[in-house]
Amino acid sequence: MKSNTLRFAILLFIFSISTRVSASHLVGVDFEYQSIDSNRYIITCNVYRDCGSAST
Amino acid sequence: MPVEISSSCNSPNNFTVNLPLISQTIPNLPSCNPVMTTCEGGLSLGIEKNVFQDTITFPFACTDWTILLYQYGRCSLVTTYGVGGNSNLVAHCVINNQDAVTNHSPVFINLLYTGQQQCYSFLTYDSDGDSLVYDLVPPRTGYFPADTLYYDAFHSHATPVYSSTPNTLNPFNRRIFVTCQYRMK
């Protein structure tokens with residue numbers, strides 16, 4: 001077991017209301033990474049957003 | 001989704017990568033007072049998960065490769081924000097490919113502990129078996145650590161949920177306990 005202590009920001013913003021604003025939609029983000037070798041990594045960015053807004 | 005990659009080591013030590021969208025799903029996110037969300041055809045805010053992913057190559061070994069996402073458009077419909085609502089959302093992670101050459105990050109398995117309405121469990125899995133410590137940190141809105149989100153008078157990064165009992169996070173078992181009093185916004 002490695003001795004590294006990984007600290008993750010836990011983002012807690014979810015929840016509701018009755019109307020939407022299309023330009024403002026980001027709710028939370030987290031990162032994951034997976035080592036292929038010492039220099040190559042698969043980087044994953046999970047983005048949580050307003051369900052009805054544009055996809056990117 | 002563009003992310004900025006930088007380190008404190010040799011120069012040049014920064015570049016930008018555009019991570020492509022690989023999947024889009026609607027996670028199961030129960031609330032204290034469930035209502036129809038926009039994901040279900042209702043009017044209440046619904047949340048979708050967009051996964052952006054790619055393989056990147058670091059040009060050299062360094063202890064602090066930082067991957068940073070900087071996006072405008074923090075959701076203004078979340079009413080626990082103060083004046084910082086509708087602002088930037090900034091997130092980052094740090095990779096050490098010098099001392100831990102084959103390390104993997106932990107992975108969040110679920111976002112909410114379904115079935116226990118007031119217990120949020122950020123369950124994770126770490127394939128390396130690393131010891132993990134959890135913390136609630138101020139959400140960032142800019143490049144500098146001091147650029148953080150303003151909450152309203154009743155919330156903070158340590159108390160993100162309105163509750164009749166103190167918001168508590170166990171740093172080792174990652175569970176947050178709250179007691180919801182009304183529908184959270």
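Just so it is clear: chains get the letters A, B, ... in the order the sequence lines come, proteins before strands, and each one is counted from 1. These numbers were taken from a predicted model, which means no experiment stands behind them.
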Item checked: Spacing of A/Leu26 atom CG and B/Tyr72 atom OH [to the nearest 0.5 Å] -> 10.0 Å
Check: So, do B/Asn97 and A/Tyr41 sit near enough that their side-chain heavy atoms are less than 4.5 Å apart?
Finding: yes
Checklist line | Between A/Glu32 and B/Ser105: side-chain donor-acceptor atoms closer than 3.5 Å | finding: no
Item checked: Validation row: A/Phe31, B/Leu69 side chains within 4.5 angstrom (heavy atoms) -> yes
Check: Can you tell me how far CD1 of B/Ile47 sits from CG of A/Asp50, rounded to the nearest 0.5 angstrom?
Finding: 6.5 Å
Check: Given the rule that I, L, V, M, F, W and Y join up when any side-chain heavy atoms are under 4.5 Å apart, are B/Tyr70 and A/Val27 in one cluster?
Finding: no
Margin query: Using heavy-atom distances under 4.5 Å, tell me whether B/His92 contacts chain A through its side chain, its backbone, both, or neither.
Written below: backbone
Item checked: Straight-line distance of B/Gln24 CD to A/Arg49 CZ, nearest 0.5 Å -> 8.0 Å
Notebook entry, point to check: For chain A, which of B/Ile22, B/Ile95, B/Asp99 has the most heavy-atom pairs under 4.5 Å?
Noted result: B/Ile95
Checklist line | For B/Ile26 against A/Cys51, the heavy-atom pair lying closest together | finding: CD1-SG, 4.0 Å
Notebook entry, point to check: Cluster question for you: counting only ILVMFWY and a side-chain heavy-atom cut-off of under 4.5 Å, with indirect links fine, are A/Val29 and B/Phe52 together?
Noted result: yes
Next item on the list: Answer with yes or no whether the hydrophobic clustering places B/Val17 together with A/Val47; edges join I, L, V, M, F, W, Y residues whose side-chain heavy atoms lie under 4.5 Å apart.
Entry: yes
Next item on the list: Please flag which part of B/Val90 lies under 4.5 Å from any non-hydrogen atom of chain A: side chain, backbone, both or neither.
Entry: neither
Check: So what's closer than 4.5 Å to chain B heavy atoms on A/Asn46: side chain, backbone, both or neither?
Finding: both
Check: With side chains defined as the heavy atoms from C-beta onward, is the minimum distance between A/Thr44 and B/Val107 less than 4.5 Å?
Finding: no
Margin query: The test is side-chain contact (heavy atoms from CB on, under 4.5 Å); show your working for B/Ile5 and A/Ile43 and say whether it passes.
Written below: CA-CA 11 Å; B/Ile5 301 174; A/Ile43 303 298; 5.9 Å; no
Item checked: Part of B/Leu19 within contact of chain A (heavy atom distance under 4.5 Å) -> side chain
Item checked: ILVMFWY network linking B/Val94 to B/Leu68, side-chain heavy atoms under 4.5 angstrom -> no
Next item on the list: State plainly whether one hydrophobic cluster holds both B/Leu21 and B/Ile56, where clusters connect Ile, Leu, Val, Met, Phe, Trp and Tyr through side-chain heavy atoms under 4.5 angstrom apart.
Entry: yes
Checklist line | Gap between atom CD of B/Glu48 and atom OH of A/Tyr48 - 0.5 Å precision | finding: 12.0 Å
